[in-house]
Amino acid sequence: VHPYRLMFAHGGMYLLAYVPEYDDVRTFAIDRIASVSLEKQTFTPKQQVADDVFANSLGVNTGPAAPVEIGFDARVAPYVRARVWHASQQLREEPEGRMTLTMQVCHDWALRSWILSWGPFARVVAPEKLADEVRADLEASAERYREHGAARRLHSARA
């Protein structure tokens, strides 16, 4: 790889490096790198890397920013209001204490994970594709709990 920049983000160090095999700049978590070797080769950077390369993500990912709208239940609205989750966020108060958060962020795993962390108290309003992805994640999670519950009941019945 051709190392471009080391960055500290979300409690860890990350290496942004150009990978000739993929013809792309990739992000590597330093604590997950098993070994390195130094070569005498030099390189000329193929791409410029922005100062705030993770600006469009809620995590340590890169990608184009796109709109997202998430509705929050009144029970968690105070917690959502209390923080700045992303520089682009806008809050809209809704009836009965509910609220809607809009942001311009990349639709990556960090975003989906953050939405899922709110459990039944958040719902993707738009875009529909992201709502479908989150719904599929929730259905897969629910299925794992159903399978585990069925296995536990079977084990208890045998005991």
Side-chain angles (χ1 to χ4, degrees), residues 1 3-19 22 24-33 47-157:
V1 300
Y4 280 9
R5 180 175 295 151
L6 285 173
M7 299 192 66
F8 179 79
H10 298 278
M13 290 294 297
Y14 294 86
L15 169 68
L16 274 71
Y18 176 76
V19 183
Y22 302 127
D24 195 16
V25 174
R26 300 286 173 100
T27 304
F28 300 90
I30 295 293
D31 58 345
R32 297 178 75 193
I33 296 174
Q47 297 179 27
Q48 290 295 329
V49 176
D51 287 338
D52 192 0
V53 72
F54 305 133
N56 291 342
S57 177
L58 294 185
V60 291
N61 301 301
T62 58
V68 63
E69 186 173 336
I70 306 161
F72 289 92
D73 186 273
R75 290 173 280 186
V76 298
Y79 302 107
V80 176
R81 263 187 225 102
R83 293 184 82 182
V84 175
W85 302 99
H86 191 264
S88 68
Q89 79 181 38
Q90 294 185 352
L91 303 174
R92 185 174 68 239
E93 299 300 324
E94 303 289 353
E96 300 174 15
R98 295 185 312 270
M99 63 166 303
T100 300
L101 169 76
T102 58
M103 298 183 285
Q104 292 282 331
V105 294
C106 60
H107 295 184
D108 56 14
W109 171 244
L111 174 63
R112 285 192 7 232
S113 176
W114 182 77
I115 294 165
L116 290 165
S117 76
W118 294 99
F121 306 111
R123 181 180 65 85
V124 175
V125 177
E128 189 173 332
K129 182 178 186 277
L130 179 61
D132 291 343
E133 291 171 351
V134 170
R135 183 176 19 264
D137 290 340
L138 288 168
E139 288 170 356
S141 182
E143 182 58 30
R144 291 192 71 192
Y145 278 96
R146 278 191 288 277
E147 291 170 359
H148 179 74
R152 191 175 50 222
R153 285 189 297 279
L154 179 63
H155 178 73
S156 295

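We number each residue from 1, following the sequence as shown. Remember, it's a predicted structure, so these values are computed and weren't measured experimentally.
Between Trp85 and Val105 the shortest side-chain heavy-atom distance does not fall below 4.5 Å. Inter-residue side-chain proximity for Met103 and Leu58 is flagged as met; some heavy-atom pair is nearer than 4.5 Å. Residues Val25 and Thr62 have side chains not in contact (no heavy-atom distance under 4.5 Å, counting atoms from C-beta outward).
Taking all atoms of both residues into account, the shortest heavy-atom contact from Gly59 to Ser57 is N-OG, 2.8 Å. Summarising the geometry of Leu91 relative to Met99, their closest heavy-atom pair is CD2-CE, 3.0 Å, with the distance given to 0.1 Å. Taking all atoms of both residues into account, the shortest heavy-atom contact from Ala17 to Phe28 is CB-CE1, 4.0 Å.
Applying the salt bridge (Lys or Arg N to Asp or Glu O under 4.0 Å) test to every pair with at least one member in residues 110-126, sequence neighbours left out, gives these pairs: Arg112-Asp137.
Scanning for salt bridge (charged side-chain N to carboxylate O under 4.0 Å, His left out) contacts around Glu93 gives Arg81, with sequence neighbours left out.
Here the straight-line distance linking atom CZ of Arg5 with atom CG of Leu16 works out to 7.5 Å at 0.5 Å rounding. Rounding to the nearest 0.5 angstrom, the gap separating the CZ atom in Arg32 from the CG atom in Leu15 is 13.5 Å. To the nearest 0.5 angstrom, Leu101 atom CG is 5.5 Å from Gln89 atom CD.
Atom CD of Glu96 sits in a sparse spot, with 12 or fewer heavy atoms from other residues, nucleotides or ligands closer than 6.0 Å.
Under a 4.0 Å N-O distance rule, the pair Arg144/Glu147 does not qualify as a salt bridge. Salt bridge present: Asp132 and Arg135 bring a charged side-chain N and a carboxylate O closer than 4.0 Å.
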Side-chain donor-acceptor distances from residues 63-75 under 3.5 Å, at least two apart:
{"from": "Glu69", "atom 1": "OE2", "to": "Arg92", "atom 2": "NH2", "distance (Å)": "3.0"}
{"from": "Asp73", "atom 1": "OD1", "to": "Arg75", "atom 2": "N", "distance (Å)": "2.8"}
{"from": "Asp73", "atom 1": "OD1", "to": "Arg75", "atom 2": "NE", "distance (Å)": "2.9"}
{"from": "Asp73", "atom 1": "OD2", "to": "Arg75", "atom 2": "NH2", "distance (Å)": "3.4"}

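Here the side chain of Ser141 pairs no donor or acceptor atom with the backbone of Leu138 at under 3.5 angstrom.
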